[in-house]
Chemist: 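One structure coming up, written as structure tokens, with questions to follow.
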Amino acid sequence: MNAQLVGQLRAAVREGRLVAGERLPASRALAALLGVSRTVVTEAYEQLYAEGWLEGRHGSGTYVTDGVAADPAPGREPPRDLAGSARRPARPGEVDLRPGMAWVGALDTPAWRRAWRLAAGMPPQQRQEPHGVPELRISLAEYIRRSRGVVCPVDGLLITRGATNGLDLLAATVLRPGDRVGVEEPGYRRARSVLAGRGAEIVSCPVDEHGLIVDGLPDDLRLVYTTPSHQYPMGGVLPVPRRQALLAWARRTGALIAEDDYDGEFRYDVAPLPALYGLDPDAVVYLGTSAKILTADMGVGWLVGRPDLVAAIALRREELNDRTAVVPQHALRLFLERGDLDRHVRRMRGEYARRREVVVRALDGLRLRGDTAGLHLVVDLPHAVAERVARDAAGRGVLVDPLERHHAGPGSFGGLVVGYGSAGSPAELRAGCAIVRELACAARSADSAVRSAAGAGQDAAGAGQDAPGAPL
């Protein structure tokens with residue numbers, strides 16, 4: 001009932017039946033009108049608050065968010081013709097707080113081993129289907145619909161080796177040398193490298209605490225790569241008005257949007273947010289991966305797009321002789337068909353929520369960003385302080401990323417990116433974060449003292465120059 005009400009309210013806004021600034025009934029009144037419990041209405045409102053469709057005004061009530069617009073009338077400009085630095089592994093005894101890795105300790109289960117054993121017994125294929133194993137595509141389409149609100153025909157889904165491989169295949173299909181491509185700044189360095197490797201001219205597109213800044217996107221971009229559900233690495237969630245503005249920009253310019261949903265299953269305040277793809281399947285290509293859900297060792301991802309575009313990507317893939325190993329595809333299929341993946345995701349959502357809580361408590365007193373979703377968060381610190389903390393923490397056996405590492409140019413944000421997917425246990429997380437907090441507090445105090453001393457020295461010098469009778 002909660003999901004049904006959320007969908008109905010979301011549709012009412014998109015279709016213009018509820019307009020920006022319109023006041024919604026109080027939860028008690030709406031519950032009485034619909035004949036449901038007040039809890040159902042309250043939870044639906046909370047979900048839509050988190051997605052950005054609704055906003056609360058103190059002492060006034062619940063309103064449709066200012067700036068949210070109904071979807072435009074049918075019809076859009078036709079699409080154009082189709083045509084990170086390495087890091088060392090953690091050493092024994094080190095606490096690894098770097099982002100981008102999932103916790104694999106929960107994978108050694110009978111279900112996991114059974115899926116691989118049965119998959120290994122499948123007979124070899126004479127010729128591999130470039131779209132991927134058909135049975136996996138059917139199961140995966142249903143899983144994505146269930147978990148991420150992405151409805152797609154099976155012929156609009158292609159199995160890849162991961163999100164990065166999907167982005168590379170997309171770029172190989174639709175980009176020409178010299179095409180301008182937008183990438184978030186700061187953002188995912190590997191995506192930048194993949195696109196540059198296909199001959200694209202990379203255009204850095206700034207982000208803020210909410211994600212990609214849509215105003216000012218150049219009209220001559222062929223494609224823009226974005227992480228709207230949990231911006232990497234800043235952690236912002238792209239608000240609904242910006243999502244609509246981004247889609248309107250894509251319709252107007254004929255550009256494609258590559259949506260990387262790298263950790264969209266894991267959100268800790270409300271249900272996972274719907275994917276951008278669901279708002280306009282024609283303009284968006286959706287990229288997903290099993291690397292954050294299960295493990296990067298599985299080597300299976302997916303690409304969802306318009307069936308004609310996916311068919312063109314499959315043809316290009318055959319030309320490149322690119323393929324996804326069949327045994328992992330069948331292992332994932334079996335994991336899906338038996339319900340094991342859904343159970344695993346539910347279990348890991350609880351595990352990551354506990355780990356996140358450990359990190360937030362251990363970093364108490366520091367300003368955090370992006371801590372409501374995903375497998376990492378950002379600690380706000382000045383650039384110089386963050387670099388010093390990362391260096392000193394490594395000296396004490398704790399590995400953490402400075403935010404500077406995720407900028408392509410001079411950093412607009414300073415801080416540390418703290419991951420909680422790969423540390424061995426909550427106790428290790430707590431100990432590692434305690435060291436980071438200790439170093440950050442000490443470095444901030446030292447930095448403040450230096451600034452104060454410098455300011456006092458300048459004031460004294462100025463006073464000496466301006467004092468009556470001072471020598472000329």
Chemist: Do Asp340 and Arg338 sit within salt-bridge range, that is, some charged N less than 4.0 Å from a carboxylate O?
Modeler: no
Chemist: Is a side-chain N or O of Asn165 found less than 3.5 angstrom from the main chain of Gly162, in a donor-acceptor match?
Modeler: no
Chemist: Is the backbone of Gln128 close enough, under 3.5 Å, to the side chain of Arg323 for a donor and an acceptor to pair up by distance?
Modeler: no
Chemist: Is the backbone N or O of Pro218 less than 3.5 Å from a side-chain atom of Trp249, with the two atoms forming a donor-acceptor pair by type?
Modeler: yes
Chemist: Do Thr324 and Gln329 have side-chain atoms, one donor and one acceptor, less than 3.5 Å apart?
Modeler: no
Chemist: Could you tell me whether the side chain of Arg98 and the main chain of Leu399 form a donor-acceptor pair under 3.5 Å?
Modeler: no
Chemist: Compare all side-chain heavy atoms of Cys205 with those of Glu185 and state whether any distance is below 4.5 angstrom.
Modeler: no
Chemist: Regarding Arg192 and Glu184, does a basic nitrogen lie under 4.0 Å from an acidic carboxylate oxygen?
Modeler: no
Chemist: Donor-acceptor pair, distance only, cut-off 3.5 Å: does the side chain of Tyr262 make one with the backbone of His230?
Modeler: yes
Chemist: Is a side-chain donor-acceptor pair under 3.5 Å present for Thr173 with Arg317?
Modeler: no
Chemist: Strictly distance-based, threshold 3.5 Å: is any side-chain N or O of His330 a donor or acceptor partner for the main-chain N or O of Val326?
Modeler: no
Chemist: Of Arg316, Arg198, Arg161, which is the lone residue that meets salt bridge (Lys or Arg N to Asp or Glu O under 4.0 Å) with Asp168?
Modeler: Arg198
Chemist: Is it the case that the side chain of Thr109 and the backbone of Trp112 share a donor-acceptor pair, with hydrogens and angles ignored and the cut-off at 3.5 Å?
Modeler: yes
Chemist: Under a 4.0 Å N-O cut-off, is there an ion pair linking Arg347 with Glu351?
Modeler: no
Chemist: Look only at the side chain of Glu129 and the backbone of Gly132, and say whether a donor-acceptor pair between them is shorter than 3.5 Å.
Modeler: no
Chemist: Charged N to carboxylate O under 4.0 angstrom, Arg354 versus Glu357?
Modeler: no
Chemist: Let me know which of Phe413, Tyr232, Tyr188 forms a ring pair (Phe, Tyr, Trp, His ring centres under 6.0 Å) with His406.
Modeler: Tyr232
Chemist: Any Lys/Arg nitrogen of Arg252 or Asp219 sitting under 4.0 Å from an Asp/Glu carboxylate oxygen of the other?
Modeler: yes
